Amino acid sequence: MNTEKDKVMDIKEAIKRFVKNGSHISIGGFTLNRNPMAAVYEIIRQNIKNLHLYAHANGQAVDELIGAGCISKLEIAYGGNARFAPTCIRFKKAIQDGKILFEDYTNYQMALRFLAGAIGVPFLPTRSSLGTDILNKWGFSKDLRKKDPKIPNKKVIVMNNPFDSWGDASKVVLLPAITPDVTIIHVQKADKQGTIRMKGLTFADVEQAKSSKYLIVTCEELVESDELRDDPDQNQIPFFYVDAVVHIPYGAYPTACYRYYDYDPIYLNEYRRYAQDDDLFKKYLDKFVYGVKDHQELLNVVGKERIEMIKADPRTGYAINLDRK
Amino acid sequence: MNTEKDKVMDIKEAIKRFVKNGSHISIGGFTLNRNPMAAVYEIIRQNIKNLHLYAHANGQAVDELIGAGCISKLEIAYGGNARFAPTCIRFKKAIQDGKILFEDYTNYQMALRFLAGAIGVPFLPTRSSLGTDILNKWGFSKDLRKKDPKIPNKKVIVMNNPFDSWGDASKVVLLPAITPDVTIIHVQKADKQGTIRMKGLTFADVEQAKSSKYLIVTCEELVESDELRDDPDQNQIPFFYVDAVVHIPYGAYPTACYRYYDYDPIYLNEYRRYAQDDDLFKKYLDKFVYGVKDHQELLNVVGKERIEMIKADPRTGYAINLDRK
Amino acid sequence: MAEYTLREIMTVVAAREIKDGDIVFCGTGISMIAAMAAKHINAPNSVIFFETGAIDSKLEELPLTVADPRVMYFTSMNGGLADSFATMQNKFISKHVIGILGAAQIDKFGNLNSTSIGDYLRPKARFPGSGGACDAASFVSRSIIFMQHEKRKFVQKVDYLTSPGWLDGPKGRKKAGLPGGGPSVVVTNMAIMRFDEKTKEMYLSGYYPGITPQKILDNMGFEVDISRAKEVKPPSYEELIVLREKCDPQRLILE
Amino acid sequence: MAEYTLREIMTVVAAREIKDGDIVFCGTGISMIAAMAAKHINAPNSVIFFETGAIDSKLEELPLTVADPRVMYFTSMNGGLADSFATMQNKFISKHVIGILGAAQIDKFGNLNSTSIGDYLRPKARFPGSGGACDAASFVSRSIIFMQHEKRKFVQKVDYLTSPGWLDGPKGRKKAGLPGGGPSVVVTNMAIMRFDEKTKEMYLSGYYPGITPQKILDNMGFEVDISRAKEVKPPSYEELIVLREKCDPQRLILE
C-alpha cells in the first residue's frame, strides 16, 4: 500500500526489500502462463529460504522455487505443468521425500482464500469439497497451527447453513483468508505509480495482489499513465495496492505472456529432463539461474532465435504454429 | 440462462415474457446513471404489480416504479438521487404513508447479497454494520419470513469468527443471498447472443445479472459478435447468463449512459416537481409514461434539442458544460 | 483577512483534516470539494475514491452524485461497488482510508442516523438510508463528519443508528467487532467538534470567528465540554483561491 | 468400417455424452477434443469453458493447458478463476454445466483420487492434486470421467478422495451437502461404465468392439454388473473426420 507517484525500482532491490527469509508469499500466473519468472529467479539467486508459498496452480514458478530449496511450507491446489510435467517434478520429489510441509486445497478454494484476504473478511464460504479428503486430511499439524500465528487454527470448517435451507444449501465449507507478506505478479502494462493492465485471463492475480501486505509488479511495458487512464475500464488493479513496479521485458519467460510471447516448449522440455535428477537439477540451476546475473542474461543464454520463435502473433496473441511437441 | 445464438426481442415481449405480477426483480445502474429506464417504463405501462424489488442505490428507476404502484416490497440501501432528490420523493412518501414493506441494508451489503446469489452460496460475510440498527431493525416480520419461501428466515446473522481471531476479526455479519426472478440492466454494447460490454463503472450490474434466474439486457448498440470478441478482456458478462437482448438507444434516459449521453437535468428537475404531489405525479405518468407507446415516443416528446444537449463528449464521456443547476 | 462564506470555511476546515497519503472515501457536495481542496493544499498524495468504484478520478467538472459520469473519467481504474467497499474493508488498505460522511442526526459518540425519524416501520420522516455510509463508518481508519449545527440534529439518542461512531463509548467498537477506527472530527456550520481520547465523547475543539461557544451549545441537544475550544483559523487567501478556482469554479456547490 | 485408434473411440464416445445446450467445464488433452467434437457433431449450442476464466474460446490451435494463451483468443469473455468456478456454483447456471474429469484412481461410486497414493503426508506417489477437479465434481449437474482401465486404478477405496463421485451411495451427496449431480459416465480405453440409478454403483454399459466384458473385469479392482453391457457403436466416418480435420489436425493429442 502506497499512494506515491513513482515506485519504479529494479528487481534486485524489489526482492531484497520485500522478500525475506520466512516470508509468506504468493505468485501470479497459472501453469505455464504469466508466472513472474524473473522475480522467481532473483529470489533463488538471493538465496532466500524458508518461504511459505500459497499457490493455486502456479506451475513452473512453484516447481523452480521448490527445486531450489526456497520453500519450506506450501499451500497448494495443483502442482502440474501441462504435458511438460503432468505432475511438477521437483514438487513431486519434495513431497515424496518429505522435504516440505504441504496442504491441499482446490483451485477455487485457493482463489476464494485470496479473495477473502483481498476483501478483508476472515473466511469465505463455498459448497466445494463437501464429503472429500480435502476437508479430512490436513497437512499442517494442530501443534504447528497453535505455534505459528501466521497459520489459521483450522484448515477448513464445515458449517450448517444458518439461514436454514436458504440457497438450497444444507452445509457450507468455510475457508480461512490468506494475507501473504508479499505477492509478485507479472503483467503486460504498468505505469510508474502502479496502475495495472493485464491482457487475456487474469487467473487469480487480482485477488492475490489485493490480499497481500506488499505487492511487487513486474511488467512487459512501463507506460505513461495517460495510456492506462485513457480507458481505465481495462485496468484491473489501482495503484495504491502496489509497492514496487519493475520493468522486465520477457519477465514471464519461459512461461507465456499473452499478446507478447508464448511459452517456450524447448526450455520447458529441457527443464523436465534436468528436473528428473537431483544432480542434473543442480546443473540446471548453475547454468540458467546462478550462472546468469539477471533475466536479460538468461535471455542471452537462450538466444535470440528462440525468443523470436515464441513472439506472439498480433491477431491471436500467441505464436502460431509453434512446434510444441 | 440460455446458450442459443440469437436472443434479440423487443422490450414489450421481454417484459411480458419474464416480468410477472409478484416477481422478485432487480435493476441495474446507480442513482442517475444507467438505470434501465425504457424497461422500467414498459413495466409501468404493462401495469405489472406487487413486485418485490431489490435495490442498492438505484435512484430514478426505484422512485418511478414505486410511484407507479408497481412495488409492494422493497429491500434497499439508499433511496436518493443526488440534488434532484436528496431523498427520492415517491420512495419517501410511500414509506411515510405505509404503502410498501421495506427493509434497509447498506450498499456493500446489497452488493454482497447479489454476489452471494451470483456465486451460488447461501450467504457472504462482512464486517460492516456491527453495532448498528441495520442489524437490529428488520422490515419484514418473522411471520412474513415464515410464510414466504422467497424471503430468507433471517435478515442477517451475527456470528463469532469460527477461526478464532483469524483476520483480526472477532465477529462477522452474514448476509443472505439474493436470487431475483429477473434482473434488468442497460449496457453500452451487446451482441445478439448476449455477450455484454459496459463502459465506465459497472456498479453492481454484473453481480445482479449473474444472481438472477432470468436476465434482460437493453443496450445502446447491438453489435456484431466479432467486435466484442476481438478484445474479450473488455466484456463483463458471458452470453449464457442472458435471456433477452433488447436494442434501445437512449434506453437509460433520463439517466446517463457513460460515453453516450449524460443525465437530463431538465427532465429530473421537472420530475421532482411532479413527484412532490400525488395528483401532479399522476399527470407525470399520464404524460410521460402511459401517454407514450414506447421509449422512442418519450424521446420525441422530450424533443431533439434536449437529446442533443446531453450527448456525450467523446473525450470525457459526458456532456461538457451541461447546465446542471 | 479574506472574505469567505460558511460553506467555504467548512470545506477548508475539513480539507485540513486530510493527511498526505490518505485514501479518501468521498460522497458528493461539500465533502468532495474538501477532498479535492486537500490535494491542492496539504495532501498532494491523497487519493479520492467513490463507493461506485471510481478510483482517483480526474474531476474536470463537479460530479452531482458518486455515480455521475464525471467520476468515471481518467481514473486509475473503474470498478464496481463490491470492489470499492472491499478496498475499505481490506486489512492493509483500510488503515489508510478515511471517510467523509453526513447525516440527519448525530449523538455524542458520533453515531449517525441517515435513515429515518420516528418509528422505523412508519417513520415521521424518511431519509435515503445508509447507502455506503455505514460501510465506510464500519471500515475506515477515521472519519470526518459534516453536520448542520441544530438542536434536532445533535441528539441524545439517534432514532436509527445507521452508521457506527464510537457506539456506547471507548470499548463500543471493539465489543461490537468493528474493524475500523471511529469518527475523528465533526465539521459544522459553527464549529469543529472532536472526540475525547479517553471517553470518546464529543467536545468542542474550535469555533468559527464570530461564533461563541455558548451559541454552539444552544444549538445542540446534549452538553459538551467547551473548555478546550479555540477559535478556528479562518481560510487563507490561498485556500480560498484553491476552492474557487480549482475545485468549484462553476459554483455548483459553494454557491 | 472406418479404422480408428483407441483415443479416437474414447473421444467420440465422450463427445456423444454431451447434450445441446450443455456448458462444458473442460480440461486439456482428450477431454478438450471431446468437447470440441461435440460442438461439430451433436451439440452445436454447447459451450466450452475453462476454469482459468476463458468462456467459449475460439480454439484455432489446441491448448496444452487451461492457461494456454490459445484459450484466451476470441472468447465471449476473459475472466479469472473466481468467476469461472462461481459460474459452476451458480444456482441457475450449474444445472446446465457438465464436467469432464480424469484421475489416478476411481472407486465404484465414481469417487476420484488425483492427489496421492499411500500416506497423504508421505506418499508413495504424488499427483498434481485437485486443481479445479474437486470443485467441478462438487458443482456440476453431471460429469464424464476419463480413465485407463487398469486394476490399480479401479480400486475398492481411493487412497485420497479428491473429487466427490456419489460418495458412499445414493444418499451420499445429499448427506454431505453437495449441490451438483454426480458422475454419469466413465469412458475408458475399453468400455463405457455408468452408475445404477438406484444404487449409484458403477456397471458396465458398453464395451468397445473387440473387447470382452471379462477382459474389462480382469482390469478392475472391484466387481461390477456386466449384464446390461452392449457393444459400443464405433466412431462413424463423419465423427472421425471431425476429430481429425476440425479438432486436432496437428495430431497433438490424438497422436
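In what follows, chains carry the letters A, B, and so on, assigned in the order in which the sequence lines appear, proteins first and then strands, with residues in each chain numbered from 1. Please read these numbers as outputs of a predicted model, since none were measured by experiment.
- For A:Asp104 and D:Tyr120, the side-chain atoms include at least one donor-acceptor pair closer than 3.5 Å.
- At a 4.5 Å heavy-atom cutoff, the contact between A:Ala256 and chain D is made by side-chain atoms alone.
- For D:Thr11, there are no side chain to side chain donor-acceptor pair (under 3.5 Å) partners two or more places apart in sequence or in a different chain.
- With rounding to the nearest 0.5 Å, the separation of CG in D:Leu64 from OG1 in A:Thr31 is 9.5 Å.
- With a 4.5 angstrom heavy-atom cutoff, D:Val158 does not touch chain A via any of its atoms.
- The CZ atom of A:Arg127 sits 14.5 Å away from atom CE of D:Met88, with the distance rounded to the nearest 0.5 Å.
- Within the 4.5 angstrom heavy-atom criterion, atoms from both the backbone and the side chain of D:Ala125 approach chain A.
- In this structure, D:Lys95 places its NZ atom where more than 12 heavy-atom neighbours from other residues, nucleotides or ligands lie under 6.0 Å away.
- Annotation: the span from A:Lys199 atom NZ to D:Met72 atom CE amounts to 11.5 Å, rounded to 0.5 Å.
- Neither the backbone nor the side chain of D:Ala136 comes within contact range of chain A; no heavy atoms are under 4.5 Å apart.
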Step by step, work out the side chain to side chain contact (heavy atoms under 4.5 Å, CB included) result for D:Glu51 and A:His56. CA-CA 12 Å; D:Glu51 65 188 281; A:His56 43 81; over 6 Å; no
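- For the atom pair CG (D:Leu161) and OG1 (A:Thr132), the distance works out to 6.5 Å, reported to the nearest 0.5 Å.
- Minimum heavy-atom separation, A:Ala111 to D:Leu81: CB-CB, 4.0 Å.
- Contact of D:Lys124 with chain A is made through the backbone alone, with heavy-atom distances under 4.5 Å.
- Contacts between D:Ser130 and chain A at a heavy-atom distance below 4.5 Å involve backbone atoms as well as side-chain atoms.
- By the 4.5 Å heavy-atom criterion applied to side chains, A:Gln109 and D:Phe85 are not counted as neighbours.
- Heavy-atom distances place both the backbone and the side chain of D:Asp68 under 4.5 Å from chain A.
- A donor atom on one side chain and an acceptor atom on the other are found under 3.5 Å apart for D:Gln89 and A:Thr126.
- For A:Tyr105, the part sitting under 4.5 Å from any heavy atom of chain D is the backbone (N, CA, C, O) and nothing else.
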Show your reasoning for whether salt bridge (charged side-chain N to carboxylate O under 4.0 Å, His left out) applies to D:Asp159 and A:Lys137. CA-CA 11 Å; D:Asp159 286 46; A:Lys137 300 201 174 166; over 6 Å; no
